[in-house]
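Proteins come first, then strands; the chains are lettered A, B, ... in the order of their sequence lines, and each starts at number 1.
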There are 2 protein chains.
Amino acid sequence: MTSLSNLNPGSSARPTMRQVAELAGVAVKTVSRVINGEPNVAPETARRVLDAARSLDYQPDLHAGNLRRSDRRTRTLGLLVSSVDNPFAGAVHRAIEDAAVGRGVAVFASSLDDDPDREREAVAAFLRRRVDGLILTTASENQAYLEPELRRGTPIVFIDREPSGIEADAVASDNFGGAARAAEHLLARGHRRFAYLGDLHSIQTARERRRGFLEALGHGGVPVDDVAVIEDLHDSERAREALLRLLDGPNPPTAVFSSQNLVTVGALHALRRRGRHRDTALVGFDDVELADLLEPGVTVMAQHPEDLGRTAAERVFARLDGDTSPPRRVVVSTTLITRGSGEIPPPPGQSTRP
Amino acid sequence: MTSLSNLNPGSSARPTMRQVAELAGVAVKTVSRVINGEPNVAPETARRVLDAARSLDYQPDLHAGNLRRSDRRTRTLGLLVSSVDNPFAGAVHRAIEDAAVGRGVAVFASSLDDDPDREREAVAAFLRRRVDGLILTTASENQAYLEPELRRGTPIVFIDREPSGIEADAVASDNFGGAARAAEHLLARGHRRFAYLGDLHSIQTARERRRGFLEALGHGGVPVDDVAVIEDLHDSERAREALLRLLDGPNPPTAVFSSQNLVTVGALHALRRRGRHRDTALVGFDDVELADLLEPGVTVMAQHPEDLGRTAAERVFARLDGDTSPPRRVVVSTTLITRGSGEIPPPPGQSTRP
DNA sequence: GATAATCCTGACATCGTTGTCAACGGGCAG
DNA sequence: CTGCCCGTTGACAACGATGTCAGGATTATC
């Protein structure tokens, strides 16, 4: 009874090459050749195999093949972002996907919420699945734990954050320069009382922006002690509360810098709530949807997430294609978009320098 | 020379269980037991194995194991959305990821731009990777091609679109009812001249919204012929142009319904450009970031993408856990958020019904 | 017509892991 | 002391595919 192969019709088992081979009356290896478009198969044989494959709805098992294949490529990429829900990360993700899809590469994405523990787990989950490369918005202080993997030849590209404790490719915005330019923009309007609303201090990018902003203010003659620096604002709600407290305080800022998109949203809410949106200057880092339709429009240092994503993907694929040049750090410049909020001057009597 | 196993120190080759076994002085199967936490391993042996694994930076190959394992689970999910760049899709994605991560399941996401060809390719790419389940925002007219896969036991859940040509689980917003309620909301303010700005007619969801909107207008005594129905607006630029043409036309609408977030953004731009944002009513389907800070605030029929994503993931996991009940259609209701733009009355003299 | 080159095909080992089964050794009951 | 049980361990086959190699058929070459 069981000596014949399992040919029960309509069987719901997933067909394998063996079954396609049986149905087509050829050897498994011949099916493999046809499926992979290898040369030297008689057209008539190929047709029979394709017919059989189609009639069984056969889908090759990429991972089984990969196990034996010499190139050992899963055609899979792992992407770590703060959250797939964040518009910036979404744009990065899309650009990477666009670069990958043409090569038949699928993308895993994982949200970290900038939690170092989740980073380790997510990286391990990717490596267990043998991704061909990693693109990481890292959340950890130090990524030396990736060293062995890097030595094994897995391309690792850091995006939106510089690596630390490891030499690897990186693609990031000009955080320092962009934040500095934002500061200069506000200084030029005559502001002297600033607030800096920053993301988690543990995030390298956030520290760069802070440094850029404060150094530029220093060059403009504003002592750091006069700047209200508030950090660790990781979502819009916290940012809103923080700015509300400042606005209600004894010496509210005349100009506000918000260091990322969620913080900008929170700041906008706070200003609106206190009716201060027309007399308090605001520049945000990273662009925000509908920023141009608000009144006043929101001035931002726009990043170019598509460029970041595309460039990071190109780096990964270049490495996979054999590029063994030293790690490269690509800096993508930012663009100041003036829409009104950043051009608000300080109230009269407070604009002149001492 | 080659009789000894490859033990060159610092070798950059990826370690396998065999190498861990050699280093620990045990059989491969024992390593497997330790790595998978199977019982009946002497503590001392387990320690030696773990030490060896750690010192080699060993990561098990999930796919090799899966090949032999009886449950045949890759712990991987495939998600198809219109674009990972779209805020709605991002929220759905995040909710699915949150449900999956606890089970050790990783998520592939693919953007379709609502192109049926890309759908077929992306599904094939997922199936070749043997995802455990599919969550699809389908772009095709008919998904009967998934029938064999469904029979094989792969859970397939449609999200944000109803399946056609196949019986499968589906989770979607109340598109018809939500759009109808938007129409009623505008009718109640006395509007009689409407514009409907719709997404691609090929999208089932878009057709439902159109049907809901127009039927409700019909019940309100507004003949369909009096409604400016413009469809196939797939991005904000096209939506902006379309509404600009209407506003510049002989008989501009006093109330506008935009059928998804990108269209809403385009409509907002058009109204603003013509300075009509304070006297033309607007209700959008799907919420938009910062909608509450615009003047007037943007009234929307908010969807609940987190609920959609979470519910879809729950359906997939329930199926994987053995639920064989008939396919279920889950409808997630929508929520009207009044912020001003939808409460604008028609200009005097046009508000009364004939 | 003989020989070589080429095309087509299949048998077999193998990739890294797990399921099965059997063997070994020590503890314990009879 | 014998026999049984159980905890521990490893040998081996197998998962679904591809690389290697060899053999038979066909065609080209002299």
For atom [atom1] of [X] and atom [atom2] of [N], their distance in whole Å:
| X | N | atom1 | atom2 | result |
| --- | --- | --- | --- | --- |
| Glu38(B) | dT20(C) | CD | P | 11 Å |
| Met17(B) | dC15(C) | CE | P | 16 Å |
| Asn40(A) | dT20(D) | CG | P | 15 Å |
| Ile35(B) | dG16(C) | CD1 | P | 15 Å |
| Arg72(B) | dG19(C) | CZ | P | 11 Å |
| Gln19(A) | dA17(D) | CD | C1' | 14 Å |
| Arg128(A) | dT17(C) | CZ | P | 12 Å |
| Glu22(A) | dG16(D) | CD | C1' | 14 Å |

Close N or O pairs between protein and nucleotides 12-14 of chain D (under 3.5 Å):
from	atom 1	to	atom 2	distance (Å)
dA14(D)	N3	Arg68(B)	NE	2.5

Query raised in the report: Taking only residues two or more places apart in sequence or in another chain, which ones pass side-chain contact (heavy atoms from CB on, under 4.5 Å) with Glu121(A)?
Result: none

Query raised in the report: When you match Val31(B) and Val28(A) each to their closest nucleotide on DNA chain C, which lands nearer the 5' end?
Result: Val28(A)

**Report entry** Leu67(B) or Pro39(B), whichever maps to the more 5' nucleotide of DNA chain D
**Finding:** Pro39(B)

Query raised in the report: Where each residue is assigned the nucleotide of DNA chain D containing its nearest heavy atom, which of Gly25(B) and Asn66(A) is assigned the position nearer the 5′ end?
Result: Gly25(B)

So, the side chain of [X] versus the backbone of [Y]: is there a donor-acceptor pair under 3.5 Å, distance only?
| X | Y | result |
| --- | --- | --- |
| Arg73(A) | Leu320(A) | yes |
| Thr137(B) | Leu80(B) | yes |
| Ser83(B) | Asp113(B) | no |
| Asp323(A) | Ser325(A) | yes |
| Gln143(A) | Pro163(A) | no |
| Asp169(A) | Arg315(A) | no |

Query raised in the report: Between Asn36(B) and dT18(C), is there a side-chain N or O to OP1/OP2 distance below 4.0 Å?
Result: yes

Query raised in the report: Between dG10(C), dG16(C), dG19(C), which one does the side chain of Thr30(A) approach most closely?
Result: dG10(C)

Report summary line: Looking only at dT9(C), dT9(D), dG16(C), the nucleotide nearest the Val41(B) side chain is dT9(D)

Query - Of residues 44-65 of chain A, the positions that come close to DNA chain C - non-hydrogen atoms, cut-off under 4.0 Å - result: Thr45(A)

Requested in this report: Would you kindly check whether a donor in the side chain of Arg33(B) faces an acceptor in the base of dG10(D), or vice versa, at under 3.5 angstrom?
Outcome: yes

Query raised in the report: Counting only distance, no hydrogens or angles, is the base of dG16(D) paired donor-acceptor with the side chain of Arg130(B) under 3.5 Å?
Result: no

**Report entry** Donor-acceptor side-chain pairing of Ser202(B) and Glu141(B) below 3.5 angstrom
**Finding:** no

Query raised in the report: Going by heavy atoms in the side chains, are Leu112(B) and Ser82(B) under 4.5 Å from each other?
Result: no

Query raised in the report: CG of Asp61(A) to OG1 of Thr16(A): how many Å apart, nearest 0.5 Å?
Result: 10.0 Å

